[in-house]
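Only one structure is covered here, and it is reproduced in the block below.
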Amino acid sequence: MAAILIKAITFVSIIFLGYGLKRVGFFQEKDFFLLSKIVLKITLPAAIASSLAGMELSPSMLVLALFGFSSGAVMMFLGYLINMNRGRKEQGFAILNVSGYNVGNFALPFVQSFLGPMGMMATSLYDSGNALICLGGAYSVAASVAGVSRDKNPLKSIVKSLAKSVPFLVYLLMITLCLLHISLPPFILSFAKTIASGNAFLAMLMLGVGFRIEFNREYTGKLLKYLLLRYITAGVFALCFYYCLPFALETRQAMVLITLAPISSSSPAFTGEIGGDVGLSSACNSMSILISIVVMTVLLLVMLT
């Protein structure tokens with residue numbers, strides 16, 4: 001128990017370190033985008049590659065990618081329903097801000113630190129499906145619902161987004177190699193492991209630098225509504241995955257952690273694209289980080305002790 005708490009407190013401390021350094025001027029708002037680029041294009045892909053290298057993958061586990069997509073789609077539908085009587089813009093906002101999971105930047109470092117190789121495999125498969133929601137799927141639906149869509153072919157837009165996502169491409173590559181029982185060359189694996197060792201630190205530091213809550217009394221009711229919908233539904237998913245899936249314990253534990261990860265970090269940017277309230281979206285995003293830290297730490301204590 002002590003080891004789990006120490007690791008969890010370390011993650012939280014790094015997030016607050018990033019936030020504190022931004023507050024004192026060491027980091028600027030623009031530095032978040034630089035850190036994000038380093039994590040998404042360098043350290044996270046390296047962490048994925050080094051964690052999945054040489055693993056045995058059963059084709060039956062590919063269904064976890066479907067779960068990643070379908071759970072996000074269910075969240076989108078519930079977001080649409082909860083604002084049924086509040087207009088199309090509000091429905092579009094909810095679709096974006098209750099769906100999608102911040103797996104790569106948040107959940108994956110937890111899984112990497114607390115669970116074994118099978119947990120990483122489950123996380124990677126789930127996130128490959130989740131990427132379809134986070135990297136354009138939710139935005140395309142929200143823009144269409146809000147009446148601001150400019151895409152004549154939304155599917156083409158999603159494919160283009162996925163083709164530019166380095167983590168998604170590495171997921172596909174490593175899953176394919178695992179299915180074909182092909183190993184990475186030793187030099188490439190060593191290179192990836194060296195870079196991957198910095199992923200957890202940089203990912204948490206980036207979250208701290210990007211952490212932002214705009215305190216606005218008008219947000220209170222909406223925040224409660226969206227976050228309650230998010231975490232009650234996620235809790236139902238977590239229970240179903242843990243008790244109903246016919247997979248190893250480590251895989252089911254990873255699925256529980258993933259479903260309780262924060263809202264996708266891309267939501268505020270996409271919210272701005274559809275003319276939504278970016279301040280409220282940022283508040284939802286940041287509050288979900290705090291909630292997920294507490295919930296995931298408690299669940300790790302319950303599951304691993």
Among Asp127, Ile258, Thr123, Leu125, find the residue that satisfies the side-chain contact (heavy atoms from CB on, under 4.5 Å) test when tested with Leu64.
Leu125
Closest contact, heavy atoms only, [X] versus [Y]:
| X | Y | result |
| --- | --- | --- |
| Ser51 | Gln112 | OG-NE2, 4.3 Å |
| Phe114 | Ala8 | CZ-N, 3.9 Å |
| Ser50 | Leu189 | CA-CD1, 4.0 Å |
| Ala73 | Ile133 | N-CD1, 3.9 Å |
| Val145 | Gly92 | CG1-N, 4.1 Å |
| Met121 | Cys178 | CE-SG, 3.7 Å |

One pair to check against side chain to side chain contact (heavy atoms under 4.5 Å, CB included): Ile293 and Phe11. What are the steps and the verdict?
CA-CA 9 Å; Ile293 287 171; Phe11 281 160; over 6 Å; no
Kindly list each side-chain donor-acceptor pair under 3.5 angstrom involving residues 13-25, sequence neighbours excluded, with atom names and distances?
| residue | atom | partner | partner atom | Å |
| --- | --- | --- | --- | --- |
| Ser13 | OG | Ile9 | O | 2.7 |
| Lys22 | NZ | Val209 | O | 3.0 |
| Lys22 | NZ | Phe211 | O | 2.9 |

Heavy-atom neighbours of [X] [atom1] exceed 12 at 6.0 Å:
| X | atom1 | answer |
| --- | --- | --- |
| Lys225 | NZ | yes |
| Phe191 | CZ | no |
| Phe168 | CZ | yes |

Minimum side-chain heavy-atom gap [X]-[Y] below 4.5 Å:
| X | Y | value |
| --- | --- | --- |
| Met174 | Met55 | no |
| Met303 | Tyr242 | yes |
| Leu108 | Ile48 | yes |
| Ser71 | Thr259 | no |
| Phe241 | Arg252 | no |

If you measure only the distance, is there a donor-acceptor pair under 3.5 Å linking the side chains of Ser292 and Tyr231?
yes
Check step by step if side chain to side chain contact (heavy atoms under 4.5 Å, CB included) holds for Ile291 and Arg230.
CA-CA 11 Å; Ile291 294 169; Arg230 167 82 179 191; over 6 Å; no
Which residues satisfy the side-chain hydrogen bond (donor to acceptor under 3.5 Å, both in side chains) test with Ser281, sequence neighbours excluded?
Asn97, Thr271
Same cluster (ILVMFWY, side-chain, under 4.5 Å), [X] and [Y]:
| X | Y | result |
| --- | --- | --- |
| Leu180 | Leu173 | yes |
| Val294 | Leu224 | no |
| Val302 | Phe110 | no |

With a 6.0 Å cut-off on ring centres, are Phe67 and Tyr126 close enough?
no
Where at least one partner belongs to residues 68-90, residue pairs that pass salt bridge (charged side-chain N to carboxylate O under 4.0 Å, His left out), sequence neighbours excluded
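For residues 68-90, and leaving out neighbouring residues, the salt bridge (charged side-chain N to carboxylate O under 4.0 Å, His left out) pairs sorted by first residue read Glu90-Lys222.
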